[in-house]
Amino acid sequence: MDTTSTTKPVQSENAVAADVARAGRTYLSVLDLSPETLEACLVLAGRLKRERRLGPDAPTARALAGRTLALLFDKPSLRTRTGFEIAMQELGGHVSCPPSADALGTREPLADVARTLERWVSVAAIRTFEHTRLREFVEATTRLRIVNALTNEEHPCQALADCLTVQERCGAVRGRTLAYVGDGNNVATSLTHAAMMLGLNLRLASPEKFALPEETLDAARRVARHGAQLVQVHDPVEAVRGADAVYADVWTSMGQEADQTHRRAAFQGYRVTSALMAEANDDAVFMHCLPAHRGEEVDANVLEGPRSVVFDQAENRLHTQKALLLMMLGGVEPDHDNV
Ligand code: CP
Ligand code: NVA
């Protein structure tokens with residue numbers, strides 16, 4: 001059984017206590033965090049990134065000792081899954097990966113899976129199709145922390161890494177402008193939430209049929225701070241002109257493969273080419289959550305070019321996921337916790 005250490009936190013763990021106390025039981029959406037908590041998460045991620053070179057001597061190397069993260073993945077993943085595995089290992093915790101057919105299949109109700117895991121583990125990161133499946137986990141349990149590792153609707157772990165990358169590469173998030181070109185999908189939704197909360201101006205360019213719904217834009221505008229502007233257009237050039245960062249994601253997300261031909265036709269004109277990048281600021285960076293389809297949503301020379309920061313984003317998945325785990329797990333008193 002996964003047991004929480006009853007020893008007092010070491011001094012170094014106390015250093016993160018101010019941050020860790022602020023995250024809640026769920027991270028299904030960026031909107032589950034307050035803007036202050038989101039900012040704290042990025043600060044903590046930056047610190048964890050700097051301290052990583054210390055290896056086992058890093059102040060947080062034992063911070064999650066005795067804690068276990070269950071990874072339940074209904075869809076493929078490299079960055080999210082492996083990022084969580086390495087994160088838990090580097091924080092002194094453990095990972096359990098039950099086969100998705102056993103945990104997320106038709107063998108038993110999700111609520112029963114959730115109530116079983118709740119007895120064993122501190123947190124579950126779940127990648128699945130409908131967002132409502134995560135809610136079933138949340139509603140069936142009272143203590144299990146639940147992280148959205150990507151649903152059809154949102155990808156909030158990605159947005160943390162994206163914002164850290166903008167901060168590093170553009171010198172700040174607040175007041176900068178990011179252009180997202182392509183599908184109004186899960187990645188776009190979470191990026192929109194985070195951008196508005198952090199004061200990052202966002203211009204979305206999508207074909208009309210694939211634009212983010214008005215309700216999503218309204219929800220994001222309600223949490224906007226520091227004068228962040230959110231606009232949705234159909235012309236990629238209009239979105240990209242003068243931007244500090246240009247972001248692309250696949251045109252066909254996992255689970256939409258049957259619609260691929262139709263989507264490829266609908267998104268013609270939304271490829272990020274060097275000509276489109278030339279409309280952005282001279283020092284604008286190119287971003288992509290990966291995996292990417294060269295020659296589809298982005299040309300190979302842009303993805304491989306000097307302005308591409310896609311592997312910074314990939315690296316930052318680790319640091320931000322570590323910060324998230326610390327903030328969700330690290331500040332809880334053992335006697336209020338099951339594990
Ligand atoms: N960007 C991202 O979520 O990558 P994976 O699908 O490999 O986890
Ligand atoms: N929108 C993509 C993101 C993959 C990380 C998908 O859902 O497949």
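We count residues from 1, following the sequence as given. Computed from a prediction, not measured in an experiment: that's the story for all the values here. Whatever order the structure lists ligands and atoms in, that order sets their numbers, starting from 1.
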Check your understanding: Taking N or O atoms only and a 3.5 Å limit, does L290 qualify as a polar contact for ligand 2?
Key -> no
Review point. Quick one: nearest non-hydrogen protein atom to atom 3 (C) of ligand 2, plus distance?
Key: D249 OD2, 3.7 Å
Point to revise | Test: E297 and R263 ion pair at under 4.0 Å | key: no
Study note, to complete from the structure: Sequence neighbours excluded, the answer for side-chain contact (heavy atoms from CB on, under 4.5 Å) partners of A125 is L69, L71, F84, V147, A149
Check your understanding: Under 3.5 Å, is there a donor-acceptor pair between the N316 and E168 side chains?
Key -> yes
Check your understanding: Just distances here: any N/O of T252 and N/O of ligand 2 closer than 3.5 Å?
Key -> no
Practice item. Please confirm whether R127 comes within less than 3.5 Å of ligand 2 when only nitrogen or oxygen atoms on both sides are compared. Key: no
Check your understanding: Hey, which residues fall under 4.0 Å of ligand 1 on heavy atoms?
Key -> S77, L78, R79, T80, R127, H155, Q158, C289, L290, R317
Exercise for review: Number the atoms of ligand 2 from 1 as they appear, then name those within less than 4.0 Å of a heavy atom of N185, with their elements.
Suggested key: 1 (N)
Check your understanding: Does ligand 2 have a heavy atom under 4.0 Å from the side chain of N152, from its backbone, from both, or from neither?
Key -> neither
Review point. CG of N301 to OG of S274: how many Å apart, nearest 0.5 Å?
Key: 4.5 Å
Point to revise | Geometric class of the F286/H288 ring pair [parallel <30°, tilted 30-60°, perpendicular >60°] | key: tilted
Exercise for review: On the 0 to 90° scale, with breaks at 30° and 60°, tag the H262-F210 ring pair as parallel, tilted or perpendicular.
Suggested key: tilted
Check your understanding: Mind checking whether P291 and R79 have side chains closer than 4.5 Å, heavy atoms only?
Key -> yes
Practice item. Report yes if the side chains of R133 and I126 come closer than 4.5 Å at any heavy-atom pair, otherwise no. Key: no
**Study point:** The single option from L202, N201, T192 passing side-chain contact (heavy atoms from CB on, under 4.5 Å) against L178
**Key:** L202
Review point. Does T142 offer a backbone N or O that forms a donor-acceptor pair with the side chain of E118 under 3.5 Å?
Key: yes
Review point. Among protein heavy atoms, which sits nearest to atom 8 (O) of ligand 2, and what does the distance come to when rounded to 0.1 Å?
Key: M254 N, 2.8 Å
Practice item. Quick one: look up the protein heavy atom nearest atom 7 (O) of ligand 2 and list residue, atom name and how far away it is. Key: N186 ND2, 2.8 Å
